[in-house]
Amino acid sequence: MPPFNPKKTPCTIDGSARDAPPPSPQWSAQAIGILGAAQAPRHSLDTSVMSSAPFVRIAELPAHAGQTVVIRAWVTHLRSSGKIAFAVLRDGTGICQSVFVKSQVPAEVWARFAELTTETSVEITGEARAEPRAPGGVEVGVTDLTVIGPSPSDYPIQPKEHGIDFLLDNRHFWLRSARQRAIAVIRNEVEQGIHDYFYERGFLRVDTPILTAAIGERSGLFATEYFEEGNAYLAQTGQLYGEAAAAAFGKIYTFGPTFRAEKSKTRRHLTEFWMIEPEVAWNDSNDNMRLQEDFVSYLVQRVLERRTTELAELERDVEKLRNIVPPFPRLNYTDAVALVQRKGSDTKWGDDLGAEDEALIVADYDKPVFVFNYPKEAKAFYMKENPDDPRTVLCDDLLAPEGYGEIIGGSQREDDYDKLVARLAEEGLQRDAYEWYLDLRRYGTFTHAGFGLGLERTVAWICGIQHVREVIAFPRLMHRLTP
RNA sequence: UCCCCAGUAGCUCAGUUGGUCAGAGCAUCCGACUGUUAAUCGGAGGGUCGUAGGUUCAAGUCCUACCUGGGGAGCCA
């Protein structure tokens, strides 16, 4: 990962001048048309008088070259040169330049242009035409202009550098910038890829509860009152429920928000993040790692194939992503400790690997790296004891390249009832909250394995974005609950 | 919880050993310009220097405390 500059984040309103998004299922003309019909302007003028021209999204403009069209959008930039003027418009599908020529528009239209400000929402009517001088290669020669929603001149976001705190305070506006759209599109591609990957392989998606009793990870819990039941806690994982579902349905995955009340202030942490947790009956730890590398590779290659425009907008070095194909290197924990010790770390066998150790390991590879079979003490109670070395458990962490850290934690699950009970006791966990979980080993226990993939860390890595807060629309951080 | 860093105009910042130190660029407003691309050019407005104390003839500058935020550690995905 490149050096992190916390102070400056480039943010241009119309930086995507060079691109219009490629046609794709998400932006199909039909879907856009339907969406458009449902989104008439709130208090437009009498549009029936204005024109019978079709309302089109900017992404569809090239297909309408030579036709008169209506566009509804936001003003991102204004330029005026006496008797000719330009307004760059953004509608979420792309950007387009509109041209006003004083001698060719009614005086009232010319006057209305003078009132435009950044982020005014407008409806324009005019002829779409190919124009090499226009960003995106298509522009609209305006014949009519309606202001739909004026925008005061103190709109905070400028096509300049802003500090991260300012941008997060204005996240609801920051989302309008070209980079943020590119990130959102790639996140959406990853999410859709996740669903497609598992659907096509016969996995069942199971939605697990967000309000839970106190089970799961050891780290911080968000508590809330729950009727007469005392406290409920926001879920830190859906895994234990996923294990129950795997016994019922075979191959399952969960996909939902999870919550950690950890006072972590790093570029890898959110208090609310999205996690994908497959759980597969009859998979052992090796099967688990094979699934992980295949899954992660699929997601990366899918974004490479379908979102080249957005990756270019983000200036992502795609060569580094092309390497991401199975198999991934695998280091067992003991070898990993030896490796980091050779590189100067004072980590000893038995310690968990710290962030510095992970960086030392990843530095040798251009793919994600598995580190597997950690000491029992470093890992959670539900991980299966390694029959070949009972000091360790059958688990794996997948470390992303370029310093993005752990994107997956996975394990084969302890399926031996007695050992699981013993581990619960060792961890000092209240057994009564886990009785239903122990039942999975009482009634037809089974080999199974699963993992959790952190969506934001994965998307940040694929996008080349240095902080997870930028790859979720409205991040929840230790010091940030709004917007 | 611990370590480091920062708070000066709407935004991003400069401000030297304390002494024309209230500044720049952008944004905004006014004016000029018929092909602009973060347009350009001319002009204008805009700040209790995070808060509270203290040192001093004099504090944006030095000291103390506090507040707010950022980066990292731990924890984790």
Side-chain angles (χ1 to χ4, degrees), chain A residues 3-15 17-18 76-88 95 97-104 110 114 117-118 131-136 139 141 152-170 216-220 236-239 257-277 351-359 378-380 397-400 404-410 451-461 466-469 477-480:
Chain A
F4 191 42
N5 181 344
K7 300 293 283 189
K8 294 181 182 175
T9 305
C11 173
T12 60
I13 296 172
D14 57 354
R18 54 190 173 276
T76 70
H77 215 91
L78 294 160
R79 286 185 285 271
S80 168
S81 184
K83 298 188 175 70
I84 185 168
F86 304 86
V88 180
I95 69 147
Q97 171 171 285
S98 60
V99 186
F100 297 72
V101 178
K102 188 177 185 182
S103 60
Q104 294 172 19
W110 185 254
T117 55
T118 299
E131 170 52 68
R133 287 171 293 186
E139 68 178 18
S153 62
D154 57 356
Y155 182 76
I157 307 275
Q158 298 171 32
K160 281 284 181 181
E161 285 177 333
H162 293 292
I164 187 61
D165 198 41
F166 177 83
L167 286 170
L168 288 174
D169 283 343
N170 290 281
E217 309 287 334
R218 285 168 287 187
S219 50
Q236 296 180 317
T237 170
Q239 179 199 314
T258 51
F259 307 87
R260 304 278 167 90
E262 297 159 354
K263 293 187 175 179
S264 302
K265 299 200 301 181
T266 83
R267 70 184 90 169
R268 301 182 305 281
H269 287 88
L270 297 166
T271 54
E272 175 180 310
F273 66 98
W274 288 66
M275 189 154 63
I276 294 84
E277 297 182 282
D351 297 339
D352 202 358
L353 299 175
E356 282 181 35
D357 292 328
E358 291 184 357
K379 291 294 176 183
D397 286 352
L398 182 62
L399 310 178
Y404 283 88
E406 183 183 341
I407 56 172
I408 284 179
F451 62 91
L453 175 124
L455 181 65
E456 285 78 14
R457 288 184 185 179
T458 303
V459 173
W461 163 50
Q466 296 183 339
H467 200 304
V468 289
R469 67 188 163 205
L477 300 156
M478 189 176 152
H479 292 297
R480 186 168 294 280

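Within every chain, numbering begins at 1; the chains are lettered A, B, ... in the order of the sequence lines, protein sequences first and strands thereafter.
Heavy atoms of A/D352 sit under 4.0 angstrom from primed sugar atoms or phosphate atoms, though from no base atom. Nucleic acid contact class of A/L270 (heavy atoms, under 4.0 Å, all strands): base. A/E456 comes within 4.0 angstrom of no nucleic acid atom, judged by non-hydrogen atoms across all strands. If you check every strand for non-hydrogen atoms under 4.0 Å, A/Q97 touches a base. Counting any heavy atom pair closer than 4.0 Å across all strands shown, A/A355 reaches sugar-phosphate atoms only and no base atom. Residue contacts for A/T258: at a heavy-atom cut-off of 4.0 Å it reaches no nucleic acid atom on any strand shown. Counting any heavy atom pair closer than 4.0 Å across all strands shown, A/T458 reaches no nucleic acid atom. Looking at heavy-atom distances under 4.0 Å, A/D154 makes no contact with the nucleic acid at all. In this structure, A/K102 reaches neither bases nor backbone, as no heavy-atom distance under 4.0 Å exists between it and the strands shown.
Taking 4.5 Å as the limit, some side-chain heavy atom of A/F273 sits within range of a side-chain heavy atom of A/R260. Residues A/R79 and A/Q97 are in side-chain contact: their nearest non-hydrogen atoms beyond the backbone lie under 4.5 Å apart. The closest side-chain heavy-atom distance from A/I95 to A/H77 is not below 4.5 Å.
For the P atom pair drawn from B/G53 and B/A59, the interatomic distance equals 14 Å after rounding to whole Å. Here, B/C2 and B/A77 have their P atoms 25 Å apart, quoted to the whole Å. Taking the P atoms as reference points, B/C63 lies 36 Å from B/G45, given to the whole Å. B/U8 and B/C49 have their P atoms separated by 11 Å, with the value rounded to a whole Å. Rounded to whole Å, the C1' atom of B/A38 lies 47 Å from the corresponding atom of B/U56. Taking atom P in both B/G60 and B/A9, one finds a spacing of 14 Å when rounded to whole Å. B/U64 and B/G18: their P atoms are spaced 16 Å apart (whole Å). When the P atom is used for both B/G19 and B/U12, the distance is 27 Å, rounded to whole Å.
Checking A/P156 against A/L477, the closest nucleotide of RNA chain B that is more toward the 5' end is the one next to A/P156. In this structure, A/F86 and A/E272 both approach RNA chain B, and ranking their closest nucleotides by distance from the 5' end singles out A/F86.
Residue A/R268 has a polar side-chain atom (N or O) positioned under 4.0 Å from OP1 or OP2 of B/A73. Between A/R469 and B/G71 there is a side-chain N or O to OP1 or OP2 distance below 4.0 Å. Between A/H162 and B/G10, a side-chain N or O to OP1/OP2 separation shorter than 4.0 Å is absent. Remark: A/H479 is in phosphate contact with B/G69, judged by side-chain N or O atoms under 4.0 Å from OP1 or OP2.
For A/R457 (side chain) and A/E406 (main-chain N/O), a donor-acceptor pair under 3.5 Å exists by modelled atom type. In this structure, A/T76 contributes its side chain and A/V88 its backbone to a donor-acceptor pair below 3.5 Å. A/E456 contributes no side-chain N or O that, together with a main-chain N or O of A/V468, makes up a donor-acceptor pair within less than 3.5 Å. A donor-acceptor contact shorter than 3.5 Å is absent between the side chain of A/S264 and the backbone of A/T266.
When both distances must be under 3.5 Å, the Watson-Crick or G-U wobble mate of B/G35 does not exist. Pairing for B/C62 goes to B/G54, judged as Watson-Crick or G-U wobble with the two contacts each under 3.5 Å. B/C13 is paired with B/G23 under the Watson-Crick or G-U wobble criterion, all donor-acceptor distances under 3.5 Å. In this structure B/A44 sits in a base pair with B/U28, meeting the Watson-Crick or G-U test at under 3.5 Å. Pairing of B/C2, defined by two Watson-Crick or G-U wobble distances under 3.5 Å, is identified with B/G72.
No donor-acceptor contact under 3.5 Å links the side chain of A/S264 to the base of B/C76. In this model, a side-chain donor or acceptor of A/R457 finds a partner on the base of B/C76 within 3.5 Å. Contact of A/E139 with B/G35 (side chain to base): a donor-acceptor pair of N or O atoms is detected under 3.5 Å.
If you take CZ of A/R480 and C1' of B/G69, they are 9 Å apart, rounded to a whole angstrom. B/C76 atom C1' lies 16 Å from atom NZ of A/K263, rounded to whole Å. A/H77 has its NE2 atom 7 Å from the P atom of B/A27, to the nearest Å. For the pair A/E406 CD and B/A77 P, the interatomic distance rounds to 5 Å; values are reported in whole Å. In this structure, OH of A/Y155 is placed 16 Å from C1' of B/C26, rounded to the nearest angstrom. Nucleotide B/A77 holds its P atom 9 Å from the CD atom of A/E277, rounded to whole Å. Rounded to an integer number of Å, the gap from CH2 of A/W274 to P of B/A77 is 18 Å. Summarising the geometry, the separation between CD on A/E356 and P on B/C3 is reported as 17 Å, rounded to the nearest angstrom.
Put simply, CG on A/L453 and CG on A/L398 are 8.5 Å apart, with the number rounded to the nearest 0.5 Å. Note: A/M275 CE to A/Q239 CD = 8.0 Å, rounded to the nearest 0.5 Å.
Among the nucleotides B/G71, B/U36, B/C76, the one closest to the side chain of A/R133 is B/U36. Of all nucleotides listed (B/C76, B/C33, B/G71), B/G71 comes nearest to the side chain of A/H467. For A/K265, taking side-chain heavy atoms from C-beta onward, the closest of the listed nucleotides B/G70, B/U34, B/A77 is B/G70. Residue A/R267 places its side chain closer to B/G71 than to any other of B/C33, B/G71, B/C29.
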